[in-house]
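Right, one structure below, let's go through it.
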Number of protein chains: 2
Amino acid sequence: MPPKRTETESVPPLPTAGELDILAVLWRLGPATVREVHEAVNKEIGYTTTLKQMQVMLDKKLVIRSERFRSHVYEAGIPKGQTQSRIVGDLLVRAFEGSAARLVMGALSAKPASKGELNEIRRMIDEFEKGMGR
Amino acid sequence: MPPKRTETESVPPLPTAGELDILAVLWRLGPATVREVHEAVNKEIGYTTTLKQMQVMLDKKLVIRSERFRSHVYEAGIPKGQTQSRIVGDLLVRAFEGSAARLVMGALSAKPASKGELNEIRRMIDEFEKGMGR
DNA sequence: AGTATATTACGATAATAGTCGTATGTCAAC
DNA sequence: GTTGACATACGACTATTATCGTAATATACT
């Protein structure tokens, strides 16, 4: 069994699939209420299910929230890029032997990219190379 | 809840985290016994745990197996590239709005790649572009 | 104040994943 | 043919995730 998870972790655990869907909505909308998130995720689940999930995420520090006269407003507890990077990093070692090239291969064969997007990836790599060693 | 999973699916479900670890070992070793897999995964769990997991995976069609005089020999039930692609594809839509470029960004910031690997990715993209529309 | 409506808190339940113990089976070597 | 070393089958238990119902709370509108 994975080590028992306490609520006092410095770094939050990776989000589960359902939690990631909620995070993705928060990334897209910015700070939002449970109601707004619930409508945006667009799954066939009840409102209180979304609510409960977000409460659990609060406990895990995956989101933070603030009062707003009537309801709560939630936002991601960790910067989007950092979470994305942790998730991909995990997948990278688990399924791709740490090879980013193979991961890109997998991504492209899963969802063929347009020429424009291929160029975007190229630019990204160039950028990254320029910033290396710093 | 996700739709109840029957054992008669045409396409297997995505592997769970633990299952992926086992698949990764099978990809690395090729056909292997439970014992071999168990030693390779190198986790602090009992032998029968690995065994049970692989039996569940067999039921899900994530692996296939054949008799071999004394024990069973397992291998991946689906080509490695296809499974990798399905996993990344899922992540792509869930966490990266379908943008491969952002995914690459996430991968590079998770585990900085060497110049050699960056070139490898470039070659991969070139290859992919050449083969487009076919 | 009193009712209606929306929100939150929280416990109960169910489904899935992970874990292991024990029984049973198989083979080889004595 | 008995014994020892492994293997498999399978049920049970635990932890986690997902789901929802209900009660309590807050706000708004008469």
Side-chain angles (χ1 to χ4, degrees), chain A residues 1-7 9 12-25 31-75 87 90 94, chain B residues 1-7 9 12-25 31-75 87 90 94:
Chain A
M1 75 207 103
K4 186 73 150 301
R5 192 42 81 181
T6 76
E7 66 296 321
E9 288 283 351
L14 289 178
T16 67
E19 289 168 350
L20 181 53
D21 291 337
I22 289 174
L23 279 182
V25 167
T33 64
V34 174
R35 176 70 54 192
E36 289 161 347
V37 170
H38 177 66
E39 267 148 25
V41 291
N42 204 37
K43 290 198 237 187
E44 303 252 309
I45 59 178
Y47 170 82
T48 56
T49 299
T50 304
L51 170 64
K52 179 71 164 186
Q53 270 177 322
M54 293 177 73
Q55 286 170 343
V56 170
M57 290 172 77
L58 178 67
D59 193 68
K60 291 184 182 175
K61 310 279 176 61
L62 286 171
V63 297
I64 57 179
R65 77 180 180 191
S66 50
E67 300 282 341
R68 193 201 58 179
F69 95 109
R70 190 187 173 81
S71 56
H72 289 148
V73 176
Y74 289 78
E75 52 192 309
I87 296 173
D90 179 73
R94 279 201 133 96
Chain B
M1 75 207 101
K4 186 75 149 296
R5 191 42 79 181
T6 76
E7 66 297 321
E9 287 284 348
L14 289 178
T16 66
E19 289 168 350
L20 182 53
D21 291 337
I22 289 174
L23 279 182
V25 168
T33 64
V34 174
R35 175 69 52 191
E36 288 160 348
V37 170
H38 177 65
E39 268 148 25
V41 290
N42 204 35
K43 291 198 239 188
E44 302 252 308
I45 58 179
Y47 171 82
T48 57
T49 298
T50 304
L51 170 65
K52 178 70 162 188
Q53 270 178 321
M54 292 177 74
Q55 286 170 344
V56 169
M57 289 172 78
L58 179 67
D59 194 68
K60 291 184 182 175
K61 309 279 175 63
L62 286 172
V63 296
I64 57 179
R65 76 179 180 192
S66 50
E67 300 281 342
R68 192 201 59 178
F69 97 108
R70 192 186 170 80
S71 57
H72 289 147
V73 175
Y74 289 77
E75 51 193 309
I87 295 173
D90 179 71
R94 279 197 129 97

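Computed from a prediction, not measured in an experiment: that's the story for all the values here. Protein chains get the first letters and strands the later ones, always in sequence-line order, with residue 1 at the start of each. No hydrogens, no waters, no symmetry mates; every other heavy atom, side chains included, goes into these values.
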Query raised in the report: Quick one: is D:dT17 close enough that its OP1 or OP2 comes under 4.0 Å of any side-chain N or O from A:Lys60?
Result: yes
Report task. Give the rounded distance in Å between these two atoms: CD1 of B:Ile22 and C1' of C:dA17. Result -> 12 Å
**Report entry** Whole-Å distance separating the CG atom of A:Asp59 from the P atom of C:dA9
**Finding:** 12 Å
Report task. Send over the distance from A:Leu20 CG to D:dA18 C1', rounded to a whole Å. Result -> 16 Å
**Report entry** Close side-chain approach of B:Glu19 to B:Val56, heavy-atom, < 4.5 Å
**Finding:** yes
Query raised in the report: What are the two closest heavy atoms between B:Gln53 and B:Gly18, and how far apart are they?
Result: NE2-CA, 4.2 Å
Query - Non-hydrogen side-chain atoms of A:Thr48 and A:Lys52 separated by less than 4.5 Å - result: no
**Report entry** Close side-chain approach of A:Pro15 to A:Ile22, heavy-atom, < 4.5 Å
**Finding:** no
Requested in this report: Between B:Val34 and A:Glu44, name the one whose nearest nucleotide on DNA chain D is closer to the 5' end.
Outcome: B:Val34
Query - Those residues of residues 48-55 of chain A lying under 4.0 Å from DNA chain C by at least one heavy atom - result: A:Thr48, A:Leu51, A:Lys52, A:Gln55
Query - Interatomic distance, B:Tyr47 OH vs D:dA9 C1' [rounded to whole Å] - result: 11 Å
Query raised in the report: Whole Å only: how far is the CD atom of B:Glu19 from the P atom of C:dT16?
Result: 12 Å
**Report entry** Contacts of type side-chain contact (heavy atoms from CB on, under 4.5 Å), residue A:Ala32, not counting sequence neighbours
**Finding:** A:Leu26, A:Leu29, A:Glu36, A:Val37
Report task. Give every residue pair that meets the ring pair (Phe, Tyr, Trp, His ring centres under 6.0 Å) criterion with at least one member in residues 42-74 of chain B, sequence neighbours excluded. Result -> B:His38-B:Tyr47
Query raised in the report: For D:dA7, does either OP1 or OP2 sit under 4.0 Å from a side-chain N or O belonging to B:Arg35?
Result: yes
Report summary line: Angle separating the five-pair end axes of the helix from C:dA1-D:dT30 to C:dC30-D:dG1, nearest 10°, is 10°
Query - 4.5 Å side-chain heavy-atom contact, A:Lys60 and A:Pro13 - result: yes
Report task. Would you jot down, in residue-number order, the residues of residues 67-75 of chain B having a non-hydrogen atom under 4.0 Å from DNA chain C? Result -> B:Phe69, B:Arg70
Report task. For residues A:Leu23 and A:Val63, determine if any side-chain heavy atom of one lies less than 4.5 Å from a side-chain heavy atom of the other. Result -> yes
Report task. List in chain and number order the residues that pass salt bridge (charged side-chain N to carboxylate O under 4.0 Å, His left out) with B:Arg35, two or more places apart in sequence or in another chain; answer none if no residue qualifies. Result -> none
Query - pair A:Thr50-A:Lys43: side-chain heavy atoms closer than 4.5 Å - result: no
Report summary line: Interatomic distance, CG@B:Leu14 vs CG@B:Asp90, rounded to 0.5 Å, equals 5.5 Å
Report task. Please determine if a side-chain N or O atom of B:Thr16 lies less than 4.0 Å away from the OP1 or OP2 oxygen of C:dG18. Result -> yes
Query raised in the report: Could you give the CG-to-P distance, from A:Asp21 to D:dT17, as a whole number of Å?
Result: 14 Å
Query raised in the report: Whole-Å distance between D:dT17 P and A:Met57 CE?
Result: 12 Å
